[in-house]
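In what follows, chains are A, B, ... by sequence order, proteins preceding strands, each numbered from 1.
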Number of protein chains: 2
Amino acid sequence: MQNCTFGQIGHDGRVTVERVGAELVAVVTAVAAGRPVVLTADEGRHLPFGPLRTEHHSMQAGLHAWVEHQTGHRLGYVEQLYTFADPARATTGGRVVSISYLGLTNAVGDRPGKAWRDWYSFFPWEDQRHDRPGEGLVREAIEPRLGAWVGQGDGTAEREARRLRADVCFGLGERAWSPELVLQRYELLYEAGLIPESPMASADLVVPGEAMAGDHRRILSTGLARLRAKIQYHPVVFELMPESFTLGQLQATVEALAGQALHKQNFRRLVTQQELVEPTGETHGETGGRPARMYRFRRAVLDERQVAGTKLPRTR
Amino acid sequence: MQNCTFGQIGHDGRVTVERVGAELVAVVTAVAAGRPVVLTADEGRHLPFGPLRTEHHSMQAGLHAWVEHQTGHRLGYVEQLYTFADPARATTGGRVVSISYLGLTNAVGDRPGKAWRDWYSFFPWEDQRHDRPGEGLVREAIEPRLGAWVGQGDGTAEREARRLRADVCFGLGERAWSPELVLQRYELLYEAGLIPESPMASADLVVPGEAMAGDHRRILSTGLARLRAKIQYHPVVFELMPESFTLGQLQATVEALAGQALHKQNFRRLVTQQELVEPTGETHGETGGRPARMYRFRRAVLDERQVAGTKLPRTR
DNA sequence: ATCCTTATGCTTGTGTTGAGCATAGATACG
DNA sequence: CGTATCTATGCTCAACACAAGCATAAGGAT
C-alpha cells in the first residue's frame, strides 16, 4: 500500500481529508483617468470575496462570471495569486482556505455596495510619480519611523539586519526603489507596528493609508506586486486599455501601475520596436498639443511569443 | 449590510462557506550527479500528497515538517505553486482543493515507499542538453505527430493557429526553444492526444515518457516550469548545491534544470560578476584536469537585493 | 506672432551579452 | 620525459539594449 500522505491514512487505505471552508477573494483592478483603482466592498474595508460554490465549473470561471455580473464589464485577464490558510481561524475549528485572484478589466462600472478605490489610498507610499528624489512620503514619514524601529533592535547584528532590510525595501541610502516590492514593504511596516492592522501598532506612529479588514490589505499588496512584476515581461497592460489609445495614454497607465514616471521617448521606442501595437490611422487631439496617433494592441503577439512585455525604462 | 460575496449570504450576514476537502501536493526536487530528480510515491505513479491537518501551524510549515521527516533532509526552499479545484471530483459531492508546493533540497535520502525519479523520465523531451540542433526526440517523435494534429484542424484558420502554437511551444521553424514552457508543452501534447493521460490518446501515437495518476504529471510540469523561470532571476539554485562546490558543478546543476547546455565562460562571468559566490580557498581535483576552485554561496545576497538571479547565457 | 504644450524622431554614450581565443594546471600514455 | 588530452580560468571583441538628452513637428492660448 502506498504511504504518501502528510498525515495518517485510514484502515481502508483511503486518505482522510479534513474538510475546510473555501473562499475566493478577488483583486480586480482597472485604470481610470490615470488612477489605478481596485474593486472593494463594505466602504473599502473588504476586497470582494465569497464562498467557492459547487456550481462553479472552475474557480476561474466562477470569478469571471461573478465579476462580470457585478460590474457589467468583461474581465480581460484572470490569474491566481495565492492561497492562504488563515491560522487565526485554524484553531477555532472552522479553518478557512482563501484562494485569491487577480483580475484586470478596462472599464469601471458601478454597482451599489461596490466601489472602485484608488490603490494609493491604501498604499500612499507606493505612488512616487510626482515625488522628487529626496522628498515625498517615504522620506518624510516612513524613513524616520523605520529609523526608530532599526534602533530598537537587540544588539548590533539585529540592528544591522533591520537597517539593511529597510534600505532594500524602501530604496534608502544609495539603493534604488524597486516598484515590485509592494508586499515586502507592507510586511515590513506591519512588523514595525506602523500599520493599523498590526498588533504592535501604536496609533500615533501609524503611517498614512486606509486599513482593511483581516488580511485583505495584505492580499491587495500581493496583487499589486504581481501586477507590477508582470507588466515587465508580459503584455497585460493592454487588458486595462480601451480598444484604441494613444501612446501617451498607454504610458500614463503603466506609470499609474508602476507608481513611477517613465522616460517618454524610450517608452515609445520600446513599445513600437517590439511591435506590440499597430496604428489605427486615426488621431486624438484633445490634449492641447500636437495630436497623437491612435494605436490598438496587436493581439497576435500573445500567440506569437510567450514572452513579450512592457519593460520599464527608468525614471522621468 | 455588505453585499460582497460570490454567492449568497445567510440571514445573520455571515457568509455560508461550502466545506471542501483540502490536500497538499509536493513537488520536491534535488539534483544528484547532474540528474534532476523529484520525490515520488507509489512506484512513481504519484507525487507525495496528503491532507491539510489542523495541527499544521501553516501550510508551509506542514510541508517542511513532513518532507524533513520523510527524507531526513532539510528543505532549503518552499514556494507555493498553484491551487487546483479538481472539476472531476466537484460533481460527485466531495470536492477537493489541491494546494501544490515546490520544495528544494540538496541531498537525497531514501525512505521506503518513496523514490527519487529523474525529471526527464516523465518529460524526456525537456532534456536537450545532449541534442544537436535538428536532432533529438522533438524532431524525431514529436514534430511529425504534431504535424498530423495540425493537419486535422477544421479550416485554414484553425490549422494556422495550431501550427503557430506547435512552433512556439517546441521551437519549431525558426523559433527558439524556451525552456520555461514546460507546462504549455505538456498541455499541447495532452490536447493532441499524445500523452497516455489524455482522453484522446491512441496508444500507438503516444510520446515517450512515464505517466502519473490523475493530474500529477501536470502539477509536476508546473513545478519544473516555475523552477526554470525562477533560476533566471532569483538565486534558488544554491538550495540544490552542497555547502561548497566548483563552478563546473554549479553549471552542471543549472544545465540539469534548464535542460540546455550553457556557454561555460559566460556562465562563470555571470556568477562571479554578480558576487553570488566567494572562494573557500580549497580546490577540487577529481576530474582529471586542472583542479577547480571551490566556492560557497554568499547567503548575504538574499538580504542585500531582492532581485538577483542566475541568468542563462545562451547555448553551448 | 510668440509661447506653451504634447507628440515624435534621432543621436550618443554606456553597459550587457554572445562567442571565441588563449593560457594554466592537472592526468594518461607512449 | 614528452606529448596528447582534459578541465579550469582569464581576456577580448563585436553586437545589441538601454538611459539620457537634443531636436523638430503640430496643435492651442494669449
Considering only side-chain heavy atoms of A/Q265, which listed nucleotide, C/dG18, C/dA7, D/dG21, is closest?
-> D/dG21

Round to the nearest Å and state the distance from B/Q273 atom CD to C/dG18 atom C1'.
-> 13 Å

Using the closest heavy atom to pick a nucleotide of DNA chain D for each, name whichever of B/R269 or B/T246 lands nearer the 5' end.
-> B/T246

Tell me: CE of B/M294 to C1' of D/dT7, nearest whole Å?
-> 15 Å

Sort and list the pairs that fulfil salt bridge (charged side-chain N to carboxylate O under 4.0 Å, His left out) and have at least one residue in residues 234-244 of chain A, not counting sequence neighbours.
-> A/E239-A/R299

Do any side-chain nitrogens or oxygens of A/R268 fall under 4.0 Å of OP1 or OP2 in C/dC10?
-> no

Rounded distance (Å) that lies between atom P of D/dC18 and atom CG of A/L262 | 14 Å

side-chain contact (heavy atoms from CB on, under 4.5 Å) between B/L164 and B/V168, worked out | CA-CA 6 Å; B/L164 180 58; B/V168 168; 4.2 Å; yes

Steps toward side-chain contact (heavy atoms from CB on, under 4.5 Å) verdict (A/L227, A/W119) = CA-CA 12 Å; A/L227 185 49; A/W119 281 12; 3.8 Å; yes

Within this structure, what is the CG-to-P distance between A/L270 and D/dA20, rounded to whole angstrom?
-> 14 Å

Distance, rounded to the nearest Å, where B/Q251 contributes CD and D/dT9 contributes P = 11 Å

Applying side-chain contact (heavy atoms from CB on, under 4.5 Å), run through B/R139 and B/F170 and close with a yes or a no.
-> CA-CA 9 Å; B/R139 262 298 160 71; B/F170 285 93; over 6 Å; no

Nucleotides 24-28 of chain D: which of its N/O atoms have a protein N/O under 3.5 Å away?
residue	atom	partner	partner atom	Å
D/dA25	O4'	A/R290	NH1	3.3
D/dA25	N3	A/R290	NH1	3.3
D/dA26	N3	A/R290	N	3.4

Atom NE2 of A/H263 and atom C1' of D/dG21 are separated, to the nearest Å, by 6 Å

Would you please name every residue forming a salt bridge (Lys or Arg N to Asp or Glu O under 4.0 Å) with A/E278, sequence neighbours left out?
-> A/R296

Apply side-chain contact (heavy atoms from CB on, under 4.5 Å) to the pair A/F122 and A/T40, showing each step before the final yes or no.
-> CA-CA 11 Å; A/F122 301 105; A/T40 66; 4.1 Å; yes

Tell me: CG of B/N266 to C1' of C/dC21, nearest whole Å?
-> 13 Å

Determine the interplanar angle of the B/F123 and B/Y186 rings, folded into 0 to 90°, and report it as parallel if under 30°, tilted if 30 to 60°, perpendicular if over 60°.
-> perpendicular

Take atom CD of A/Q249 and atom P of C/dT6, then tell me their distance rounded to the nearest Å.
-> 13 Å

Below 4.0 Å: OP1/OP2 of D/dT9 and any side-chain N or O of B/K264 | no

